[in-house]
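Written below as structure tokens is the structure these notes are about.
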Number of protein chains: 2
Amino acid sequence: MYIGCKIACGYTPAMAVTIVEIAKRAGVSHSTVSRVLNNTSDVIAKDTRERVLTIAKAMGYVPNLAARSLRHARTRMITVFAAGPDDFWLGANPTIITAAANAFRDAGYELFCSFGGSAESTRMPAWRFDAAVLLDRVPDDLRHQLRAQNTPYVVINDIVDEDALIVPDDAQGTEVMLEELYSLGHREISFVSPGSWYVGHHSIVARQAAFTAFMQSHDLPHSLSLEDRIVSEDMDGWLRGQLDLGVTAFVANDHHTAIVLMSAAARLGVRIPGDFSLMCFNDEFPLALLEPPVTCVSLDSELLGRTAARYLLSLLSDKEQALAHVTRIPYRLVSRNSTAAH
Amino acid sequence: MYIGCKIACGYTPAMAVTIVEIAKRAGVSHSTVSRVLNNTSDVIAKDTRERVLTIAKAMGYVPNLAARSLRHARTRMITVFAAGPDDFWLGANPTIITAAANAFRDAGYELFCSFGGSAESTRMPAWRFDAAVLLDRVPDDLRHQLRAQNTPYVVINDIVDEDALIVPDDAQGTEVMLEELYSLGHREISFVSPGSWYVGHHSIVARQAAFTAFMQSHDLPHSLSLEDRIVSEDMDGWLRGQLDLGVTAFVANDHHTAIVLMSAAARLGVRIPGDFSLMCFNDEFPLALLEPPVTCVSLDSELLGRTAARYLLSLLSDKEQALAHVTRIPYRLVSRNSTAAH
DNA sequence: CTGTTAGCGCGTTCAC
DNA sequence: GTGAACGCGCTAACAG
């Protein structure tokens, strides 16, 4: 397994250049260097200033953030917590995180993922952080802890009291879908939702409420109760039953559910969109690659991430008051081939 | 959009407890506290020791890593770099990162993702770090830079010279697949690989080499050259052509390709596994949920992540010599329903 | 066994 | 305009 090729000697900490070394080379004191590099004084001799800057650049100076943040009580680091270690890569979360990270980085902050052990997701990372992003349903005590130590945070994709929340506009997304299906002539529509862990999730609740509201306002048949529209274990049997009841279109709660439904249809020999239409939330892989490609509503996850970052940055820079509020990010229709006129 | 509910006053940096405060409460000097908390002295009065520990726990003490790492020249942070910002969530990478993060955390290190801007993925994060994990094909100059400043690192899923590498055993994985298909009676087998960015990737190269070697050693027909087995733009036409040529089984280079192939089959009205068998690399979502569920070879990504972490930790702790070597992680067969006897 | 002290790299006074 | 001195929280060396 080993190819005996020596590549480096034992690990010794890398010694980076400090302002003292720059000061020596420039023939000034280290505080002058600090003043120049931080632009913290407008009364500096022009040549001194330029000399220091060129030397710093030539030596490849990078400020030691450990020292800097020891001086300030800030670390310029922002951490993102998720409900579990796997939730970082769930659905739209990667896009959200990346967008937020870019916004933070532009403002001089570094976003990092804190991978708590599965059991103790509440555990604080060893590095201090100036603010936190909370993804999905993080434990309550984490929020309490953050608030107790006065660390600003923003909650993404969860509804809790008295916090700043940024969530998808699930009611709007549901309406977009239902209006599309309605305009295609569908009248018997089912909302497919997995029965398991999702129950009680604010998204599910909001979507189901919007679903019911739409059906009522459009005077659509209520032969099926909402409970009947939630899939149990046996997807094949459930689908068969729904079709027998005259359902012509399904709104799936997520891409996962949509795929399971499509597989059931394939097993039953039922055609999409010939025999029924299908739409779902979240434009995730591999919806576009399936046969047929799946129509869905897509969230602007980048906007969501940016919005969250901007809010936190405003708190950090302007020393603004934190207000409990809800920002809802709208969905957008992505038309593909899993829907057709009835 | 805003609900006017005040939740907190302006941001003020959180003041955490320090060893000085613990020392005051315990009636000892701060260095004694340090000695106790770091287990750095075995000649400490038992009651002093216990008193300090209970007080530290009660006050919720967390060491300030900024100060600690200023004192040492270590930060106890490890960075993971990826080729691009999206590569963190590609395929098995999340699992790898999580596994490595856990191993690092157990050893007192914090792993964090550095989300470089897409253009400048080489850019170093603002924080110093003790070691780095390089995912996939990171730019050469990053590796050179790390080596120049004597920072230990490990390369995952890329083949480069003179470095410590941890990669999937693609030759073994290919053989596992081909042996399975061969034992099912298949003789005309194609290797389906996307023609685009993948070209030149070490995995592709290794898999194609292993494929050719297997075909030769089993004296299988070579009516098709390797080039013929790489799909171009038009998957439908290509698949039709392959089937006409008598191909009865396909080995797809990844789950993405497998899904595209399945969609083509659906469009052509060709049955899996009735008309041909299908296998692919990487057991990723949603292979298990499709109809039929797809047989594949799965990598123990957790083992891969752990292995990488262990190697880096040995370098960091034992001041061991870094040796250029390759560790190959084997694939395992996951039998599902997309394969059948011919 | 424990307290005192110095200094890691930096930013910030306060003098000159 | 600029240098000297201090302290952020911590560890390590040296005294007692």
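Just so we're on the same page: letters track the sequence lines, and every chain starts at 1. Computed from a predicted structure; not experimentally measured. Note that these values count all heavy atoms, side chains included, but never hydrogens, waters or copies made by symmetry.
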Run the salt bridge (Lys or Arg N to Asp or Glu O under 4.0 Å) test against [X] and tell me which residues pass, sequence neighbours left out.
X	answer
A:Glu21	none
B:Arg143	B:Asp140, B:Asp163
B:Asp42	none

The criterion is side-chain contact (heavy atoms from CB on, under 4.5 Å); which residues satisfy it with A:Arg306, sequence neighbours excluded?
A:Glu302, A:Leu303, A:Arg310
A:Ala58 meets the side-chain contact (heavy atoms from CB on, under 4.5 Å) criterion, sequence neighbours left out, with none
Not counting sequence neighbours, list each pair that qualifies as a side-chain hydrogen bond (donor to acceptor under 3.5 Å, both in side chains) and has a residue in residues 51-61 of chain B.
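Sorted pair list comes back empty.
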Which residue pairs pass the side-chain hydrogen bond (donor to acceptor under 3.5 Å, both in side chains) test when at least one of the two sits in residues 22-38 of chain B, sequence neighbours left out?
B:Ser29-B:Ser31, B:Ser29-B:Thr32, B:Ser34-B:Asn38, B:Asn38-B:Arg68
At under 4.0 Å, does any side-chain N or O of [X] touch on OP1 or OP2 of [N]?
X	N	answer
A:Thr32	D:dT2	no
A:Ser29	D:dG3	yes
B:Arg68	D:dG9	no
B:Tyr61	D:dC10	yes

Roughly, in whole Å, what's the span from [atom1] in [X] to [atom2] in [N]?
X	N	atom1	atom2	result
B:His72	D:dG9	NE2	C1'	12 Å
B:Lys24	D:dC10	NZ	P	13 Å
A:Asn64	C:dG11	CG	C1'	13 Å
A:Arg74	C:dC10	CZ	P	16 Å
A:Ile22	D:dG3	CD1	C1'	17 Å
A:Arg128	D:dG9	CZ	C1'	9 Å

Would you give the length of the straight line joining atom CG of B:Leu53 to atom OG1 of B:Thr48, rounded to the nearest 0.5 angstrom?
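If we round to the nearest 0.5 Å, B:Leu53:CG and B:Thr48:OG1 are 10.5 Å apart.
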Taking five pairs at each end of the helix from C:dC1-D:dG16 to C:dC16-D:dG1, what angle separates the two helix axes (nearest 10°)?
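Taking the rotation axis at each end, their angle is 50°.
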When you measure from the side chain of B:Leu70, which nucleotide among C:dG9, C:dG3, C:dG11 comes out closest?
C:dG9
Which of these, A:Ile156, A:Ile329, A:Ile96, sits in a side chain to side chain contact (heavy atoms under 4.5 Å, CB included) with A:Ser301?
A:Ile96
Between A:Asp130 (side chain) and A:Arg76 (backbone), is there a donor-acceptor pair under 3.5 Å?
yes
Compile the donor-acceptor pairs under 3.5 Å between side chains in residues 78-91 of chain B and protein atoms, sequence neighbours left out, one pair per line.
unit_1: B:Asp87; atom_1: OD2; unit_2: B:Gly84; atom_2: N; d: 2.6

Going by heavy atoms closer than 4.0 Å, what residues in residues 34-52 of chain A are next to DNA chain D?
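By residue number: A:Arg35, A:Val43, A:Ile44, A:Ala45, A:Thr48.
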Any protein N or O atoms within reach of nucleotides 5-7 of chain C? Criterion: under 3.5 Å, listing atom names and distances.
unit_1: C:dG7; atom_1: N2; unit_2: B:Arg71; atom_2: NE; d: 2.5

B:Val28 or B:Ala67: which one's nearest nucleotide on DNA chain C is closer to the 5' end?
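So the residue in question is B:Val28.
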Holding to side chain to side chain donor-acceptor pair (under 3.5 Å), I want the full list of residues that pass it with B:Asp161, two or more places apart in sequence or in another chain.
none
